[in-house]
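Input: one structure, supplied below.
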There are 2 protein chains.
Amino acid sequence: MSRMKSIDPSIKPGEATPPRAAERILGVARDLFYRRGIRAIGVDEIVRRAGVTKPSLYRSFPSKDELAASYLRQYDLEFWERFDEAVDAHPGDPRAQIKAFLIRVGKRTQKTDYRGCGMTNAAVEYPERGHPARVVSEANKQELRRRLRAMATAMGAGDADTLGDGLLLLIEGAYISGQLFGAGGPAQSVARNADLLIEASLKK
Amino acid sequence: MSRMKSIDPSIKPGEATPPRAAERILGVARDLFYRRGIRAIGVDEIVRRAGVTKPSLYRSFPSKDELAASYLRQYDLEFWERFDEAVDAHPGDPRAQIKAFLIRVGKRTQKTDYRGCGMTNAAVEYPERGHPARVVSEANKQELRRRLRAMATAMGAGDADTLGDGLLLLIEGAYISGQLFGAGGPAQSVARNADLLIEASLKK
DNA sequence: TGACAATGTTACCGATCGGTACGTATACCT
DNA sequence: AGGTATACGTACCGATCGGTAACATTGTCA
């Protein structure tokens, strides 16, 4: 007899192929951490809303800090997915890539309950150097800076590093302003301002 | 007899004219809240480092949240002092005012242990609408936006609101990047990028 | 000198924090 | 069927959270 090694359609929902506790925990943590902040959420609330118990959490994650770091590593993956979507949509045209990315960022910032960038927020919540969450956040931002500078170079900007950094400032400003001002805030103009800055930097 | 109503030089230090507990508490809270974050600091540590006890804190401040709000109100005052210093240094020249302000911001962001803007950080730490700390922070940012847009108008920018918002994005980006990257980070270029953006917005 | 108000101190509260020891059930492979 | 490893739940830990009741001390007036 050939045993089914993947999914058995006869199983009742939520019984077999049980959504691994670790995945449910990470999913709930991801949502709560992003929306309400990492420090604001206790592990009890996470396990309660995940429908599991605390030892289940601590068998999959060494500590709350590491759970937060896992959340950010997942966030990092999804971030670069979004970023590369914009890049891939305009091959060889970094200016259009930036514009496409920022148009989407600007739109997201106008949604209610927008809470900014999970990476940026985590770095604000954990200023101590070496904190697991901050380490992930810093690495993400370093890489973002590197890529923005590279794109500015590819655009042929006179001072590419300055332009790359300027774009980073606008992006971070959009993340923060988005959650500070809500809809109608300054973040909606991030794409236009970035394009103006690029324009000015190329003519130099 | 004329009684001395202010300071009596015969008093021993730290005995009479005792530095009002409320002031010492606020001073310590201000330092700790800014450097390590509001949520990260407990009231016990504040009173311990202020050399007082907890009831002293709660007689002067209704709650920790209100103490945080008081810290931010003081921060607000000092912020506008710095802002107006740059403004007053260049009467009638908003572009030079912005530049002067941002040069100073850029320098501050390069200092070790720079922790960004207390207002911005507080808003990240407390996303819940109506939180006392967040209320102060939002009011400060609204006013900053208003003034930046007014200055952009005074510069004669074609789309003054967009320029004002662009400057706000750069500023917020500098606050965040300053604490994310430390010295050598993108925030050091905030003044130059702002000036480039202004240049581009005026020629439009 | 004595009353009053303000300020400081000791000791404590229930709730929640992150984290764990230990017993129980379940799935899988032989 | 039986053995075994894995996953899960009950109950609990000390520490710390924000906040308070009741008492002692002080300075300032009449």
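Numbers restart at 1 for each chain; the letters A, B, ... are given by sequence-line order, proteins then strands. Heavy-atom basis, side chains included; hydrogens, waters and symmetry copies ignored.
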Checklist entry - Of all residues at least two apart in sequence or in a different chain, which pass the side-chain contact (heavy atoms from CB on, under 4.5 Å) check with B:Arg149? => result B:Arg145, B:Asp161, B:Asp165
Checklist entry - Is there any ring-ring contact (aromatic ring centres under 6.0 Å, His included) pair reaching into residues 128-149 of chain B, and which pairs are they, with sequence neighbours excluded? => result B:Tyr126-B:His131
Next on the checklist: If the condition is side-chain contact (heavy atoms from CB on, under 4.5 Å), which residues does B:Glu45 pass it with, not counting sequence neighbours?
Outcome noted: B:Leu32, B:Arg36, B:Ile41, B:Arg48, B:Arg49
Polar atom pairs between nucleotides 15-18 of chain D and protein, under 3.5 Å, N or O only, would you list them?
unit_1: D:dG18; atom_1: OP1; unit_2: B:Lys64; atom_2: NZ; d: 2.8
unit_1: D:dG18; atom_1: OP2; unit_2: B:Val43; atom_2: N; d: 2.9

Item to check | Set of salt bridge (charged side-chain N to carboxylate O under 4.0 Å, His left out) partners for B:Arg146, sequence neighbours left out | outcome: B:Glu143
Checklist entry - Between B:Leu57 (CG) and C:dG8 (C1'), how many Å, whole number? => result 13 Å
Next on the checklist: Among residues at least two apart in sequence or on other chains, which ones pass side-chain contact (heavy atoms from CB on, under 4.5 Å) with A:Thr109?
Outcome noted: A:Val105, A:Tyr114, A:Ala187
Checklist entry - What pairs with B:Tyr175 under ring-ring contact (aromatic ring centres under 6.0 Å, His included), at least two apart in sequence or on another chain? => result none
Next on the checklist: Using a 4.0 Å cut-off on heavy atoms, which residues in residues 124-137 of chain A reach DNA chain D? List them by number, or say none.
Outcome noted: none
Next on the checklist: Holding to side-chain contact (heavy atoms from CB on, under 4.5 Å), I want the full list of residues that pass it with A:Glu125, two or more places apart in sequence or in another chain.
Outcome noted: A:Ile38, A:Arg39
Checklist entry - Where each residue is assigned the nucleotide of DNA chain C containing its nearest heavy atom, which of A:Pro62 and B:Thr53 is assigned the position nearer the 5′ end? => result B:Thr53
Item to check | Length of the line joining A:Ile25:CD1 and C:dG19:P, which is rounded to integer Å | outcome: 13 Å
Next on the checklist: Under 4.0 Å, heavy atoms only, any strand: does A:Ser56 hit a base, just the sugar-phosphate, or nothing?
Outcome noted: sugar-phosphate
Checklist entry - Side chains of A:Lys141 and B:Ser177: donor-acceptor distance under 3.5 Å anywhere? => result no
Checklist entry - Quick one: B:Arg59 CZ to D:dA21 C1', roughly how many Å, whole number? => result 11 Å
